[in-house]
2 protein chains.
Amino acid sequence: MGTNVVTPFKHADHDHDHCVDDALARAEQQCTKNGVRLTAIRRRVLELIWRRHEPMKAYDLLDMLRAERRSAAPPTVYRALDFLLEEGLIHRIESLNAYVGCGDPHRPHVGQFLICQHCNAVAELNDSDVYQVLTSKAEELGFQVNSQTIEINGLCPACRDAPRING
Amino acid sequence: MGTNVVTPFKHADHDHDHCVDDALARAEQQCTKNGVRLTAIRRRVLELIWRRHEPMKAYDLLDMLRAERRSAAPPTVYRALDFLLEEGLIHRIESLNAYVGCGDPHRPHVGQFLICQHCNAVAELNDSDVYQVLTSKAEELGFQVNSQTIEINGLCPACRDAPRING
DNA sequence: TGACAACTTGCAACACTATAACATGTGTCG
DNA sequence: CGACACATGTTATAGTGTTGCAAGTTGTCA
């Protein structure tokens, strides 16, 4: 109980196509259930975000979109991002101005992220102990919690073990 | 043990001049100790940040600076902010692109903030329990923690009790 | 004192991040 | 079909932060 990793750090050899396909399938399902449309653009942006297991920046996504859709402009990508955030399909990493896929969109959860400063990998936690401790501390001060942004910087297991190879 | 509020929510009637003066005096002391210079610009930016008990944006600070120093430009304020961040005299609130004074610069501490969505007030925590729980959860996953960004959104005691007065 | 190094500020331009406003297209349902 | 809601196209602009180099300031030490 307590720790519940939603999106763990990925090894280089995991079946990534499968991993992305799964995420897209979950997204389709989620949108159907909620009666909203996962249009071609939205789906493509979500796929681009999932394709790398690291936070993606809006203008990088825009560049990729533009390669295949001449009309893409900032609003194109920001609208898609807003939609995906709204549906809980992605998260925004405040400290990086970047976006990552959410591994578990159908369940309500707080944003708790471990961010590797060396390889940019991100793991998403959904830890009830952390949530509880923070909430109870806040309430001791009379503060009513609505949402939490937790971003932990450091080194992921791989980079921790080999921190000097390419940095 | 555990909870240790560094900068609590302020009441409207606290002695604010005194509160700002204290912060500036602590800053002078801290800079002297560290052998760095709290120049006029840096000191003024710090004062502007302290004068309101809410996060201040870089370009708002710039406008205020310009009113009294014709030559002020973006680098002027960003350099001052970088210096103050470096010395631990202020913190950056990632989710707001804004900056707040640090109530306790001489002691190492993590950034844990309660942010009122209604009145923008910010309280800074320095809670070892929260730190411990997060660090141990991260280390269970083999992640080595360097720094934590924790930003809790919600309602401060005053706005919680009277949430409909001016919102 | 004066010359040098290190630090700080001035200044212009630019890069990156995000939104506004309005027009046009598309899909659904009576 | 026609009306409506939703989605996208398009242009412009707002907001946030950085680069690079010139000029000024401060402290140090022979």
Side-chain angles (χ1 to χ4, degrees), chain A residues 27-28 31-32 34-49 54-87 89-100 120 149 151, chain B residues 27-28 30-49 54-87 89-100 120 149 151:
Chain A
E28 296 279 11
C31 288
T32 301
N34 292 0
V36 295
R37 280 188 274 171
L38 188 63
T39 62
I41 293 179
R42 292 165 177 174
R43 188 188 156 89
R44 185 69 180 124
V45 169
L46 182 58
E47 185 181 354
L48 289 171
I49 289 173
E54 59 183 273
M56 297 294 293
K57 314 211 105 199
Y59 274 68
D60 289 341
L61 293 169
L62 177 54
D63 287 343
M64 298 177 200
L65 267 189
R66 255 203 265 259
E68 58 201 40
R69 179 182 281 264
R70 211 171 82 277
S71 68
T76 312
V77 65
Y78 280 106
R79 283 167 183 156
L81 291 172
D82 286 347
F83 172 86
L84 297 169
L85 286 167
E86 194 77 21
E87 294 300 312
L89 296 168
I90 61 172
H91 291 286
R92 177 179 158 83
I93 306 291
E94 299 291 345
S95 58
L96 299 175
N97 293 340
Y99 305 83
V100 293
N120 291 327
T149 297
E151 299 174 9
Chain B
E28 296 278 12
Q30 164 96 353
C31 288
T32 302
K33 200 186 71 186
N34 292 0
V36 296
R37 280 188 273 169
L38 187 64
T39 62
I41 292 178
R42 292 165 177 176
R43 188 189 157 89
R44 186 69 180 124
V45 169
L46 182 59
E47 187 182 353
L48 289 171
I49 289 174
E54 59 184 276
M56 297 294 292
K57 315 211 105 199
Y59 274 67
D60 289 342
L61 293 169
L62 176 55
D63 287 343
M64 298 177 199
L65 267 190
R66 253 201 267 258
E68 59 201 37
R69 180 181 282 264
R70 213 173 77 277
S71 68
T76 312
V77 65
Y78 280 105
R79 283 168 183 154
L81 291 171
D82 286 346
F83 172 86
L84 297 169
L85 286 167
E86 194 77 21
E87 292 300 312
L89 297 169
I90 61 173
H91 291 286
R92 177 178 159 82
I93 307 292
E94 299 291 346
S95 58
L96 298 175
N97 294 340
Y99 305 82
V100 293
N120 291 327
T149 296
E151 298 174 10

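Per chain, numbering begins at 1; letters A, B, ... match sequence-line order.
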Give the rounded distance in Å between these two atoms: [atom1] of [X] and [atom2] of [N].
X       : N      : atom1 : atom2 : value
A:Tyr78 : D:dT11 : OH    : C1'   : 17 Å
B:Ile41 : C:dC11 : CD1   : P     : 11 Å
B:Phe83 : D:dT18 : CZ    : C1'   : 20 Å
B:Leu81 : C:dT9  : CG    : C1'   : 15 Å
A:Arg92 : C:dT17 : CZ    : P     : 10 Å
A:Met56 : C:dA18 : CE    : P     : 14 Å
B:Asn34 : C:dC7  : CG    : P     : 15 Å
A:Asp82 : C:dA20 : CG    : C1'   : 13 Å

So, B:Arg44 and B:Glu68, do they make that salt bridge, N to O below 4.0 Å?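 Salt bridge present between B:Arg44 and B:Glu68.
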Looking at [atom1] of [X] and [atom2] of [Y], how far apart are the two atoms once the value is rounded to the nearest 0.5 Å?
X       : Y       : atom1 : atom2 : value
B:Leu65 : B:Ile41 : CG    : CD1   : 7.0 Å
B:Leu61 : B:Tyr59 : CG    : OH    : 12.0 Å
A:Met64 : A:Ile49 : CE    : CD1   : 10.0 Å

Using atom types as modelled and distance alone, determine if a side-chain donor or acceptor of B:Glu151 lies under 3.5 Å from a backbone N or O of B:Ser95.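 Looks like yes, one N/O pair under 3.5 Å.
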Distance test, side-chain N/O of A:Arg42 to OP1/OP2 of D:dA7, below 4.0 Å: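 Yes.
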Does OP1 or OP2 of D:dT8 have a side-chain N or O of A:Ser71 closer than 4.0 Å?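 It does not, given that no N or O in the side chain of A:Ser71 lies less than 4.0 Å from OP1 or OP2 of D:dT8.
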Nearest to the A:Pro74 side chain among D:dT8, D:dG9, C:dA18, which nucleotide is it?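 From the listed options, C:dA18 comes nearest.
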Using a 4.0 Å heavy-atom cut-off across all strands, classify A:Arg37 as base, sugar-phosphate, or nothing.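 Here A:Arg37 touches the backbone only, sparing every base.
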For DNA chain C, find the residues of residues 57-70 of chain B with a heavy-atom distance under 4.0 Å and give them by number; none if there aren't any.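 Close to the strand are B:Arg69.
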Hey, are B:Glu94 and B:Thr149 close enough side-chain-wise for a donor-acceptor pair under 3.5 Å?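 B:Thr149 vs B:Glu94: no donor-acceptor pair found between side chains.
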More than 12 heavy atoms of other residues, nucleotides or ligands under 6.0 Å from CD of A:Glu86: is that the case?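 Result for CD/A:Glu86: open.
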